[in-house]
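Starting off with a structure, shown below.
Count residues from 1 along the sequence. Excluded from the calculations below are hydrogen atoms, water molecules and symmetry mates; all remaining heavy atoms, backbone and side chain alike, are included.
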Amino acid sequence: VMEHTVQFSEILDVEGLAETMTGEVDYSVRDCYFEVCPDSDGDKRILKCEIVLEGAVRASETVECTVIEDAYGTCCGVELEKESYSLEQLTGSFTQQLTIKEPVSIPDYLPPIQRLCDCSAKSTIENISVDGNCVTVSGAVGCSFLYLSGEQTMPIAGFAHILPFSQSFEAEGIKSDSLCDAKAEVVHTSCTINGDKVLEIRAIVQISLKVITPCTARLISGISLNTEKKFPKAPSARIYFVQKGDTLWNNAKKYHTSPDALMSSNQLDSEILPAGKCIYIFK
């Protein structure tokens, strides 16, 4: 058995990409072809290989911008123009490591093991289920074994074994229309011989989960003043007792003043208004 690394480099032309974006590429081997060839001495010691890779490119960009969600006038009416925008909210990003340790029996049709030559493992995600705030990621680790048996009839033998796994994540705020994206990667494998027909495999799998919730928001796209709409004459001062659910913005909007004026006149150090608090509203 031998290992060999084949390097590759490819320039992918993807429309819409920008240098400020964060990208990731997932590669998988779609096909692999080998041909045994003789070297200069005539010994068959050269392997020519052709590998077909398949890549999936994903890119994203985080843009911070200032938007106006609501507006009002303190002296005259304000007419707002609003548009609906589709947004994606990152509900949560999680990473956990899972250790799988399991004895593996060599199939009866294969000879006993004398020496382990190679053990490789690859993980796949098979299912993502959501139950309330709990997200469960299920998959399997496919293990391949190659060993020497010491028997002349079959000196080299190999077989494959599947190790299922399941990991749960607590994702607060997840909704029925949330999208879950999970990845699993085998970061470490080890194998020991526990008998002539038993191996013990230990694999550490790192599982990454992202939960994204789509949402829509109506944001202001235009503001115009309506000078013909005048507010009725108000008293110079009011006493108001905060009701449950009141906010500083809503109270200022209701009485045609500003949040800063309310905070200043009532010596408030926070925008949170507890129910029952008495506040003074001046003209």
Side-chain angles (χ1 to χ4, degrees), residues 1-8 10 12 14 22-34 49-60 88 90-107 109-110 113 116-147 157-171 174 176-192 194 198-213:
V1 63
M2 60 175 287
E3 292 184 359
H4 185 72
T5 300
V6 180
Q7 297 182 347
F8 66 91
E10 182 70 22
L12 303 176
V14 181
T22 301
E24 55 184 38
V25 183
D26 292 334
Y27 279 103
S28 60
V29 178
R30 194 175 67 181
D31 290 304
C32 190
Y33 307 97
F34 287 95
C49 66
E50 179 181 337
I51 301 172
V52 180
L53 297 179
E54 187 173 61
V57 182
R58 291 184 293 182
S60 62
E88 288 185 347
L90 180 61
T91 305
S93 179
F94 315 91
T95 300
Q96 291 187 17
Q97 282 193 350
L98 175 66
T99 301
I100 306 172
K101 189 176 182 180
E102 182 178 315
V104 178
S105 298
I106 297 176
Y109 61 85
L110 293 178
I113 185 172
L116 183 66
C117 296
D118 184 60
C119 173
S120 60
K122 185 178 180 181
S123 59
T124 56
I125 299 293
E126 297 179 349
N127 185 52
I128 302 175
S129 60
V130 180
D131 184 10
N133 289 332
C134 181
V135 181
T136 302
V137 179
S138 303
V141 175
C143 303
S144 299
F145 303 94
L146 184 68
Y147 67 93
F159 68 98
H161 186 76
I162 301 297
L163 299 173
F165 66 82
S166 179
Q167 184 68 36
S168 297
F169 299 84
E170 196 69 24
I174 190 171
S176 58
D177 58 345
S178 296
L179 305 176
C180 299
D181 182 24
K183 286 185 177 181
E185 179 184 3
V186 179
V187 296
H188 175 75
T189 55
S190 62
C191 187
T192 57
N194 285 352
V198 178
L199 299 173
E200 185 174 88
I201 179 70
R202 181 176 180 267
I204 299 178
V205 183
Q206 181 170 290
I207 304 174
S208 301
L209 173 69
K210 283 185 179 181
V211 180
I212 298 174
T213 303

message = On a heavy-atom basis, which atom in Gly55 and which in Tyr27 lie closest, and how many Å separate them?
response = CA-CD2, 3.9 Å
query = Between Glu126 and Ser138, is any pair of side-chain heavy atoms under 4.5 Å apart?
reply = no
request  = Take Leu199 and Thr192 through the test side-chain contact (heavy atoms from CB on, under 4.5 Å) and record every step on the way to the result.
outcome  = CA-CA 6 Å; Leu199 299 173; Thr192 57; over 6 Å; no
ask   = Are Ile174 and Cys180 close enough that some pair of their side-chain heavy atoms sits under 4.5 Å apart?
value = yes
ask   = side-chain contact (heavy atoms from CB on, under 4.5 Å) between Asp177 and Thr213: does it pass, once the steps are laid out?
value = CA-CA 7 Å; Asp177 58 345; Thr213 303; 4.1 Å; yes
query = Under 4.5 Å between any side-chain heavy atoms of Asp31 and Tyr33, yes or no?
reply = yes
Check residues 92-103 and write down every donor-acceptor pair under 3.5 Å in which the side-chain atom is one partner and the other belongs to a residue at least two apart or another chain.
from	atom 1	to	atom 2	distance (Å)
Gln96	OE1	Gln167	NE2	2.4
Gln97	NE2	Gln206	OE1	3.3
Glu102	OE2	His161	NE2	3.4

Which atom of Ser105 lies closest to which atom of Phe159, heavy atoms considered = O-CE1, 4.2 Å
request  = Could you walk me through whether Ile212 and Asp181 pass side-chain contact (heavy atoms from CB on, under 4.5 Å), step by step?
outcome  = CA-CA 8 Å; Ile212 298 174; Asp181 182 24; over 6 Å; no
inquiry  = Is it true that, when you exclude Asp131 itself, more than 12 heavy atoms of the residues, nucleotides or ligands shown sit nearer than 6.0 Å to its CG?
reply    = no
inquiry  = Could you report the tightest heavy-atom contact between Ile162 and Pro164, atom names first, then the distance?
reply    = O-CD, 3.6 Å
query = Should Tyr147 and Leu110 count as side-chain neighbours, where that means a heavy-atom distance under 4.5 Å?
reply = yes
message = Using side-chain heavy atoms (C-beta onward) and a distance below 4.5 Å, is Phe165 in contact with Ile125?
response = yes
task = For side-chain contact (heavy atoms from CB on, under 4.5 Å), just list the numbers for Val211 and Phe169, CA-CA rounded to whole Å, side-chain angles, deciding distance to a tenth of an Å, and then say yes or no.
result = CA-CA 11 Å; Val211 180; Phe169 299 84; over 6 Å; no
query = Cut-off 3.5 Å, side chains only: do Ser168 and Thr136 have a donor facing an acceptor?
reply = yes
query = Would you say Glu50 has more than 12 foreign heavy atoms packed within less than 6.0 Å of its CD?
reply = no
request  = Locate the shortest heavy-atom distance separating Cys143 from Ile201; write the atom from each residue and the value.
outcome  = SG-CG1, 4.1 Å
ask   = Hey, are the side chains of Asp118 and Glu3 touching, using non-hydrogen atoms and a 4.5 Å cut-off?
value = yes
Crowding at NZ, Lys183 (>12 non-hydrogen neighbours, <6.0 Å) = yes
task = Using modelled atom types only, decide if a donor and an acceptor are shared between the side chain of Thr189 and the backbone of Ala121 within a distance under 3.5 Å.
result = no
